[in-house]
Amino acid sequence: IEVLKDAASTAVWGSQGADGVLMITTNRGKKGKTKFDYNYKFTVNQSPPAIPMLNGDEYSMLMIEELHNAYGVFEMPPEIAYDPDFVDFHNYSANTDWVDEITRLGSVHDHFFKLSGGGDKTLYYVSLNSSNEQGTTLNEGFKRLTTRINLDYNLSRKIRFSVNFDYTNSYQDGNWRVNNYYTVRRMAYAKAPNMSIWEHDENGDLTGEYFTPLESFQGAGSVFFNPVAVANLSDWDVAINKFQNSFVLKYQISGKLSFQETVSYQYESGKRNTFLPYSAIGVDWLERQVNEASETNYNNRKLSSRSMLVYIPIVNDTHELSARVMLQLDQYNNTSAWLSTRNGPSVTVVDPAAGAPINWMGSGSNEIRALGSMLSVNYKLKDRYIFSGIVRADANSKFGENNRWGIFPSISGAWRFSKESFLESWAFLNEGKLRISYGQSGKQPNAAYARHGIFDIPTTSEYIENTVVTPTQ
């Protein structure tokens, strides 16, 4: 993994380099006997100690003091009054450590296998990685399977053909995010510690249900939910499949001129399923959040082509001069569909397509095309003085017609002072280089059609009995 940090290096990537660049090079086969490697690693993860919190008794006393300071004489809320005659006395007289209840030891099982080798004409590298992680929060985990195949075949002394194949399957097991904000761990720090995890009847006997009142001293049960109940009963699961295949052709036209063509195809499909049963939060049976289920599906496809011509006219002990010309074409497509339902017939029917009333549904698609070209010249003198100049031009369909092209120049110079003769006596200095660079890079818009104006007609807005149209983008 190489991190491109200076201005000139990131400018090479034009409109994609503003946020920095990571260059990742995968392993490839080497000439020799076939080698097998297998590694297994087991890791135990533990959450750091939680912020010290009040127990239930301390919390109730603090709430009483707060009300007394604010109102003087006030009517005591039954949830913090410790009144044995209160029907929910046993449900509001607990000392629950919510953070501890949703925290567990995490673990990671990681298996890695690789095979590599090759001969005069063919080199191969195959790897397989399997990872199974149990999170430190209840009912959270992550599984991933990754396989990679890299093949290099020398058709002749001048032509080399390479094939790279990558496949990744991942599954994330998560918990429902209430109102897309309150996670289980966030609520564990906010939930009143005098409330019980499990529901008791008026005699103090357990009912077998989680304690999820419609209203409590803190507020609505749909907001201040039972984090243990949500962790054990809800779903927020994401499954992703990624496939990438690339073909590389290298042709050494002459001793000074070479050509490389790379064609790659990437495909990614994802599916997210969520479900929140009525027994996990405190809501009325007719509320929208009762047995709420949703499903989102998407497919991403990207086709890329990169052509590069490299010319090295001078290579000797004193001078080294090289030039590169590159042309890149990218096409990206995305399709998605989503569905959400509520008031499903059962807590065991988690599919939103089971006939429950629809909350919302929709679909979307977009297409992006990009064109990039680059010219670079590099010169090295006596392996000590290095100069480089690059000009890159990018065009992207995300931009409007008047601003579709961007030019990104860069220039850099370096002095490899460790090769100077007057520093040969410095035995401790193995390598030293001073580099200065200037470059421009850019950033593409996130949305495919951000260049277009979008207007909306609110259903309840009007001005002097005329419909109101408001811009939303």
Side-chain angles (χ1 to χ4, degrees), residues 1-28 30-31 152 158 160 162 248 250-262 304 306-328 330 370-396 405-444:
I1 299 177
E2 181 182 0
V3 181
L4 302 184
K5 296 174 288 187
D6 65 277
S9 297
T10 56
V12 172
W13 293 91
S15 62
Q16 306 175 58
D19 293 330
V21 178
L22 288 176
M23 297 286 291
I24 301 176
T25 304
T26 58
N27 292 322
R28 309 201 69 82
K30 297 181 180 180
K31 183 179 179 180
D152 298 308
K158 292 187 175 183
R160 167 182 267 196
S162 301
V248 182
K250 297 180 180 179
Y251 178 40
Q252 191 68 39
I253 301 174
S254 66
K256 298 180 179 181
L257 186 63
S258 63
F259 174 77
Q260 177 175 311
E261 177 67 28
T262 303
S304 300
R306 175 183 291 185
S307 305
M308 181 178 295
L309 195 65
V310 180
Y311 181 56
I312 308 176
I314 303 175
V315 178
N316 54 49
D317 295 337
T318 304
H319 304 282
E320 182 177 327
L321 179 64
S322 63
R324 290 182 298 167
V325 177
M326 186 272 294
L327 178 65
Q328 180 174 340
D330 296 315
L371 170 64
S373 59
M374 183 189 69
L375 171 64
S376 69
V377 178
N378 301 278
Y379 174 70
K380 185 186 296 184
L381 176 63
K382 297 181 179 180
D383 200 26
R384 294 196 294 270
Y385 311 106
I386 306 168
F387 305 93
S388 176
I390 302 173
V391 177
R392 174 160 180 145
D394 280 349
N396 195 296
W405 282 92
I407 307 298
F408 306 95
S410 67
I411 187 171
S412 65
W415 174 36
R416 196 178 178 190
F417 55 83
S418 57
K419 291 296 183 177
E420 296 289 355
S421 58
F422 60 83
L423 294 179
E424 291 180 353
S425 59
W426 291 16
F428 64 87
L429 182 63
N430 295 324
E431 183 71 31
K433 184 170 69 172
L434 179 65
R435 175 183 169 91
I436 185 171
S437 66
Y438 168 82
Q440 294 180 357
S441 57
K443 180 177 175 60
Q444 305 170 3

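Just so it is clear, the values below take in all heavy atoms, side chains as well, and ignore hydrogens, waters and symmetry mates. Every value quoted in this text rests on a predicted model; they were computed, and no experiment measured them.
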> CZ/R306 to CD/Q328 distance, rounded to the nearest 0.5 angstrom?
Replying inline: 4.5 Å
> Of all heavy-atom pairs between G372 and R392, which one has the smallest distance, and what is that distance?
Replying inline: CA-NH2, 4.3 Å
>> Could you report the tightest heavy-atom contact between E420 and W415, atom names first, then the distance?
In response: OE2-NE1, 2.8 Å
> Can you tell me how far the CD1 atom of I314 sits from the NZ atom of K256, to the nearest 0.5 Å?
Replying inline: 8.0 Å
>> Side chains of P409 and Q440, heavy atoms from C-beta outward: is any pair under 4.5 Å?
In response: yes
>> I'd like to check D383 versus D317 (side-chain heavy atoms, cut-off strictly below 4.5 Å). Are they in contact?
In response: no
> Quick one: does R416's side chain get under 4.5 Å of K380's, heavy atoms only?
Replying inline: no
> Which pair of heavy atoms, one from N316 and one from T318, lies closest together, and at what distance?
Replying inline: OD1-N, 2.9 Å
>> Looking at every heavy atom in both S388 and N378, which two are closest together, and how far apart are they?
In response: OG-OD1, 2.9 Å
> Under the 3.5 angstrom rule, does the side chain of S437 hit a backbone N or O of S412 as a donor-acceptor pair?
Replying inline: no
> What is the distance from atom NZ of K433 to atom CD1 of I386, rounded to the nearest 0.5 Å?
Replying inline: 5.0 Å
>> Please check if the number of heavy atoms outside W426 that lie under 6.0 Å from its CH2 is greater than 12.
In response: no
> How far apart are the closest heavy atoms of G442 and F408, and which atoms are they?
Replying inline: N-CE2, 3.5 Å
> L371 and L327: side-chain contact (heavy atoms from CB on, under 4.5 Å), yes or no, with the steps?
Replying inline: CA-CA 8 Å; L371 170 64; L327 178 65; 3.6 Å; yes
>> Could you measure the distance from the OG1 atom of T262 to the NZ atom of K250? Nearest 0.5 Å is fine.
In response: 8.0 Å
>> Does L381 form a side-chain contact (heavy atoms from CB on, under 4.5 Å) with H319? I'd like the steps, not just the answer.
In response: CA-CA 5 Å; L381 176 63; H319 304 282; 3.6 Å; yes
> Rounded to the nearest 0.5 Å, how far apart are CZ of F259 and OH of Y251?
Replying inline: 11.0 Å
> Does the pair S162 and R160 meet the rule for a side-chain contact (heavy atoms from CB on, under 4.5 Å), with working shown?
Replying inline: CA-CA 7 Å; S162 301; R160 167 182 267 196; 4.1 Å; yes
> With a cut-off of 6.0 Å (strictly less than), are more than 12 heavy atoms of other residues, nucleotides or ligands near CD1 of I436?
Replying inline: no
> Any idea which heavy atoms bring I390 and S376 closest together, and the distance?
Replying inline: CG1-CB, 3.6 Å
>> Quick check for you: to the nearest 0.5 Å, what is the distance between L321 atom CG and Y379 atom OH?
In response: 8.0 Å
>> Do V391 and I407 make a side-chain contact, defined as non-hydrogen atoms from C-beta onward lying under 4.5 Å apart?
In response: yes
